[in-house]
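Throughout, protein chains are lettered first and strands after them, A, B, ... in sequence-line order, and every chain is numbered starting at 1.
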Protein chains: 2
Amino acid sequence: MNKQHDVCEVRAINKKKVKSVKQLMLTDNEANSLSGTFSVLADPTRTKIIYALSNDELCVCDIASILGMSVSAISHQLRILRNMRLVKFRKESKMVYYSLDDEHITTLFNEGLNHIRE
Amino acid sequence: MNKQHDVCEVRAINKKKVKSVKQLMLTDNEANSLSGTFSVLADPTRTKIIYALSNDELCVCDIASILGMSVSAISHQLRILRNMRLVKFRKESKMVYYSLDDEHITTLFNEGLNHIRE
DNA sequence: TTTATATTTGAACATATGTTCAATTGATTA
DNA sequence: TAATCAATTGAACATATGTTCAAATATAAA
């Protein structure tokens, strides 16, 4: 920690603003939860999976085929989407069929899609 | 590439579904652009910065003070937000004041915030 | 039971990302 | 001019993340 850092971390330029914004500031938990939510959508493989599932319920093998990727890679990503409750699944014999489970995030997803497409 | 992969990448379970979803599928560019958009919001420091700037125009030093982080770390993150046109800035003597610049993403940001808060 | 197949899993690997540290730039002031 | 300060930058470092590979599960069929 050198002098420059001390100055800027301890003495703010506009103390009133700093104080008032500090009071409103997100907690670490809120910021982590918020950025964590966006992180789920921050990978092209996952956005493709979500997009694919927005059209149809699909098994792992078909998702892999659609994306042209290995089954293992898709399965790893599906686990992340499962843990975040973004997708649900049902088993039918050997196969596992995935579908979307979270309306909020798919709304977010579609807003993002509109954003890049307009 | 072993046998298992070949089977699942070449032969899909439900060929019709796979073919139709494949035709609708996002291009790599679209998927990268979409996930890239979400990536900007996928870091707690950046979400805090955006949140702070949604309240007020702020200089780098004050943002650092509000977040309790080094000026350098904040400046690096502001560069990312600048490159993505999420924030704009004006110079006033030695100081640089940042403010939000992109309505679309701040809408996205607020939707995410509602999502985690409800 | 043995074989085949759909999926999951863990470890290894490479790459991407965020922060720190030190140095630099640009503007102000003594 | 020299000194000071806000901000930026690049390199180094540690950590996180995504894919691959090999092995393990689980279910169905021969």
Side-chain angles (χ1 to χ4, degrees), chain A residues 1-14 18 28 31-32 35-36 38-49 57-65 67-84 87 89-98, chain B residues 1-14 18 28 31-32 35-36 38-49 57-65 67-84 87 89-98:
Chain A
M1 209 68 83
N2 61 23
K3 198 186 168 197
Q4 184 191 1
H5 290 165
D6 286 341
V7 170
C8 277
E9 282 170 29
V10 176
R11 264 197 281 154
I13 301 298
N14 186 327
V18 168
D28 282 348
N32 288 335
S35 59
F38 288 115
S39 294
V40 186
L41 304 171
D43 173 77
T45 301
R46 286 194 294 271
T47 61
K48 284 182 179 177
I49 292 175
E57 175 191 66
L58 291 165
C59 68
V60 179
C61 191
D62 281 354
I63 298 174
S65 174
L67 302 205
M69 293 178 62
S70 74
V71 170
S72 176
I74 299 301
S75 185
H76 278 297
Q77 295 297 357
L78 283 170
R79 183 158 52 98
I80 293 171
L81 295 172
R82 236 163 43 217
N83 289 342
M84 302 295 281
V87 300
F89 63 94
R90 68 181 178 86
K91 289 193 171 186
E92 188 178 311
S93 74
K94 279 182 297 188
M95 261 112 104
V96 180
Y97 287 94
Y98 282 87
Chain B
M1 209 69 83
N2 61 24
K3 199 187 167 197
Q4 183 191 359
H5 291 165
D6 286 341
V7 170
C8 276
E9 282 169 29
V10 176
R11 265 196 282 154
I13 301 299
N14 187 329
V18 168
D28 282 349
N32 287 335
S35 59
F38 289 115
S39 294
V40 187
L41 304 172
D43 172 78
T45 301
R46 287 195 293 273
T47 60
K48 284 181 180 177
I49 292 175
E57 177 191 65
L58 291 165
C59 67
V60 180
C61 191
D62 281 354
I63 299 174
S65 174
L67 302 205
M69 293 177 63
S70 74
V71 169
S72 176
I74 298 301
S75 185
H76 278 296
Q77 295 297 357
L78 283 170
R79 183 157 53 98
I80 293 171
L81 295 173
R82 237 164 42 216
N83 290 342
M84 301 295 281
V87 300
F89 63 93
R90 69 181 177 85
K91 289 193 172 185
E92 188 178 311
S93 76
K94 281 182 297 188
M95 261 111 104
V96 181
Y97 287 94
Y98 282 88

Closest to the A/V96 side chain: C/dT8, D/dT8, D/dA6? C/dT8
C/dT5, D/dC21, D/dT8: which one has an atom nearest the side-chain heavy atoms of A/S72? D/dC21
Nearest-0.5 Å distance that lies between atom CG in B/L67 and atom CD1 in B/I74: 4.5 Å
Compare the minimum distances between each of D/dA28, C/dT28, C/dT8 and the side chain of A/V71, then state the nucleotide with the smallest one. C/dT8
Any donor-acceptor N/O pair, A/S75 side chain to A/S72 backbone, under 3.5 Å: no
Every protein N/O lying under 3.5 Å from an N/O of nucleotides 13-19 of chain D:
residue : atom : partner : partner atom : Å
D/dG18  : OP1  : A/R46   : NH1          : 3.1
D/dG18  : OP1  : A/R46   : NH2          : 2.9
D/dG18  : OP2  : A/R46   : NH1          : 3.4
D/dT19  : OP1  : A/T45   : OG1          : 2.7
D/dT19  : OP2  : A/Q77   : NE2          : 2.7

Figure out the CD1/C1' separation between B/I74 and D/dA7, and round it to whole Å. 12 Å
What is the distance from CD of B/E92 to C1' of D/dA6, rounded to the nearest Å? 13 Å
Would you mind reading off the distance between A/K94 atom NZ and C/dA6 atom P, rounded to a whole angstrom? 5 Å
What residues, two or more places apart in sequence or in another chain, satisfy ring-ring contact (aromatic ring centres under 6.0 Å, His included) together with A/F38? none
Who are the ring-ring contact (aromatic ring centres under 6.0 Å, His included) partners of A/Y97, not counting sequence neighbours? none
Would you check if the side chain of A/D62 reaches a backbone N or O of B/V18 as a donor-acceptor pair within less than 3.5 Å? no
In whole angstroms, the gap separating C1' of D/dA6 from CG of A/N14 amounts to 15 Å
side-chain contact (heavy atoms from CB on, under 4.5 Å) test vs B/V87 passes for just one of B/R82, B/R79, B/E57, namely B/R82
Under 4.0 Å between a side-chain N/O of B/Y98 and OP1 or OP2 of D/dA6, yes or no? no
Give the nucleotide from the list D/dT8, C/dG10, D/dT27 with an atom nearest to the side chain of A/S93. D/dT27
OP1 or OP2 of D/dA7 under 4.0 Å from side-chain N/O of B/R79: no
From OH of A/Y97 over to P of D/dT27, roughly how many Å is that when rounded to an integer? 15 Å
Donor-acceptor check, side chain of A/S65 to backbone of A/C61, threshold 3.5 angstrom: yes or no? no
